[in-house]
Amino acid sequence: MSRIRGAAVACAVALCAAPLTASPAASAQPSSPSGLPGEVAADVRLKLERDGVLSVTETITVPEGRTARRSVPLRIAVGDDRDRVFEVRSPAVSGRGSATASPDELVVALEAGTATVTYQVVGAVAKIGDALELRWQPAGGWDTAIDSVEVSVITPDAAKSVNCLAGPPGTNKPCTTADLGDGRGVRATEIGLAAGERVDVAVGLQDGAAPPNARVEEVSWLAAAFALTPATGAGLAALVVLLLGGAVLLWSLRGRDARAVAGDVVPVNVLVTDPSGRVAFASPDGVLPGQVGTVVDEHVDVVDVTATIVDLAVRNYLWVEEVGELDWRFVRRNPADDSLSAYERAVYDALLPPGADAVLLSELRGRRVDLSRVRDALYADVVAKNWFARRPDAERSLWWWVGVALACLGAALTALLVAVRGPALFGLVVAVAGAALALGARWMPARTKRGSALLEHVRGLRGYLHAATPEDIPEGDREMVFSRSLPYAVVLGQTDRWLAAFASARPGLYWYGEAERTGDLGRFARRFPTFLGAVGGMLAQAGHLRSLRD
């Protein structure tokens, strides 16, 4: 809402209340404004009707190659909590241009040439003390300099006084000329009006000249505090630029990752043949199952640790056996050695602390395993591999706290500005920026170029898990290939497909008790999802890890 305070309020114009009589000045048609070629000139004629409505005719000349736009506020502050409200009716333009009126402002936009703007104003006559005043801005608010302005006011009877000010809002500088003329009207001129400056004319009239129709509205101090001002508008614009800049940056980083994931499957050679002719599984670049899950979604999840436990069994550090229908035992096969990464050793120690050679899954559930070391070690591992520049969880936390702090600062600033009746919308802008930053923190930890390259290999690995069949692998190598691939199928959501593909095969499993004895992968395929669910439930109960993947 456009607002002008204090001395910026337009001066009052008062007119006589005697019956309106025709005069040459009143009946003459508007003439083109005087002025030299290349100058912007305005001839403004005001006529107060008997019912208190002010008729306005503005004739504006705009030189070729130029345009002019005028904005006139229709709500003017007359106190801390009161507005003087004007109403503009029937705005029209004869010539090249347009005129529109809203409850808050009158806007006139003109192109080159001479145009006549007409409209009516309701609310221009006010009773102030014992006198009547007619107040209006006959010129001003233009976005271009006006080289000359001529103003005439037609009144029913002789005016009592005239006061004309010209210049920026709040000025006390008088117009170049202002007089009562021949007693039947008021004339004023101003030479040289800069862009944004205005002419305010105040004419005092005798009692009864016209019915007072000024309207004053109470304004909520809270609404005033949140009014749109140039300062808060600039703040909103800065916020939009900031958010767009952040969005572009994230788009460039995330777009690289999206292209890596959504592009064509990159062929990866995960089945390799050794010199003896045996076929084995080899993950791309030696990436481990837990690392795969963390790089893909930037979180250490329950499924990442579950896949790591399966991988430890497959690599002969653990042996898994069924105990009844809903319990399993983990047995130590080989001690942790230097072949294990720091996070794998943390998983191993969480399951089987030093001195323990076997443990039931139900016992682990009862003692609430501490997985904080696992989480920290796995985040540190993906940074050490240069897949992330910083720990993803620390990066998210940093930007979340920065956003929360900024939002709290904005809220406090808003409350302070409301208390002092300042531009509280500016504080609200800061609070919104902080909230946006806090909400966007989850997307902040973008991968490095090396991390994005790994995504391409992971996509190729997923393609292998989705398409491979037992017939692609020599019978003697199926047990090892199936087992080494299984942890990656777990972490990439391909477990059901991988189990279904090999359910009819009977290679046996060297690391899972029941399958080792029976060689029945069909039964294993039915029981293994239950095992994964039980392990995942135990890990989720322990805390420290995200239970669901985005």
Hey, what do you get for [atom1] ([X]) to [atom2] ([Y]), rounding to the nearest 0.5 Å?
X	Y	atom1	atom2	value
Arg215	Glu87	CZ	CD	7.0 Å
Tyr119	Leu54	OH	CG	8.0 Å
Leu378	Thr294	CG	OG1	3.5 Å
Tyr379	His299	OH	NE2	5.5 Å
Ile60	Ile146	CD1	CD1	6.5 Å
Asp349	Glu344	CG	CD	12.0 Å

Do the side chains of [Y] and [X] get nearer than 4.5 Å, heavy atoms only?
X	Y	result
Val287	Trp387	yes
Val535	Ile309	yes
Val151	Trp136	no
Pro63	Val40	yes
Asp393	Ser397	no
Tyr343	Leu288	yes
Arg450	Phe388	no
Thr189	Ser148	no

Indicate the atoms forming the closest heavy-atom contact of [X] with [Y], along with that distance.
X	Y	value
Asn386	Thr448	O-OG1, 2.6 Å
Thr414	Leu428	OG1-N, 3.0 Å
Ala99	Val108	CB-CG2, 4.2 Å
Val186	Ala159	CG2-CB, 4.1 Å
Ala112	Gly65	CB-N, 4.0 Å
Pro73	Gln137	CD-OE1, 4.4 Å

* Would you tell me whether Glu190 and Thr176 have side-chain atoms, one donor and one acceptor, within less than 3.5 Å of each other? => yes
* Asked: Under 3.5 Å, is there a donor-acceptor pair between the Ser372 and Asp370 side chains?
  -> yes
* Please name all residues satisfying side chain to side chain contact (heavy atoms under 4.5 Å, CB included) with Leu437, sequence neighbours left out, ordered by chain then number. => Trp399, Val402
Is the side chain of [X] donor-acceptor paired with the backbone N or O of [Y] at a distance under 3.5 Å, no angle test?
X	Y	answer
Asp200	Leu165	no
Asp301	Val303	no
Thr144	Ala68	no
Arg84	Gly123	yes
Asp147	Glu39	no

* Could you check Gln120 against Ser90 for side chain to side chain donor-acceptor pair (under 3.5 Å), going step by step and ending with a plain yes or no? => CA-CA 7 Å; Gln120 294 179 322; Ser90 306; 4.8 Å; no
Less than 4.0 angstrom from a charged side-chain N to a carboxylate O is my criterion; do [X] and [Y] meet it?
X	Y	result
Asp304	Arg375	no
Arg69	Asp143	no
Glu58	Arg70	yes

* **Over 12 non-hydrogen atoms of neighbours within 6.0 angstrom of CD1 in Ile191** => no
* **side chain to side chain contact (heavy atoms under 4.5 Å, CB included) between Val56 and Leu46, worked out** => CA-CA 5 Å; Val56 182; Leu46 311 178; 3.7 Å; yes
* I would like to know whether Leu132 and Lys127 meet side chain to side chain contact (heavy atoms under 4.5 Å, CB included); could you show each step before the answer? => CA-CA 5 Å; Leu132 281 177; Lys127 184 76 172 179; 4.0 Å; yes
* Asked: Do you know which of Val117, Val121, Val72 makes side chain to side chain contact (heavy atoms under 4.5 Å, CB included) with Leu106?
  -> Val72
* Evaluation steps, side chain to side chain contact (heavy atoms under 4.5 Å, CB included), between Asp381 and Lys385 -> CA-CA 6 Å; Asp381 186 76; Lys385 299 292 186 183; 4.1 Å; yes
* To do: For Lys173, check side-chain hydrogen bond (donor to acceptor under 3.5 Å, both in side chains) against everything at least two apart and list the hits.
  => none
* How far apart are the C-alpha atoms of Thr59 and Thr114, what are their side-chain angles, what is the distance that settles it, and do they pass the side chain to side chain contact (heavy atoms under 4.5 Å, CB included) test? -> CA-CA 7 Å; Thr59 304; Thr114 298; 3.9 Å; yes
* To do: Tell me, with the steps shown, if Thr57 and Thr118 meet side chain to side chain donor-acceptor pair (under 3.5 Å).
  => CA-CA 5 Å; Thr57 301; Thr118 59; over 6 Å; no
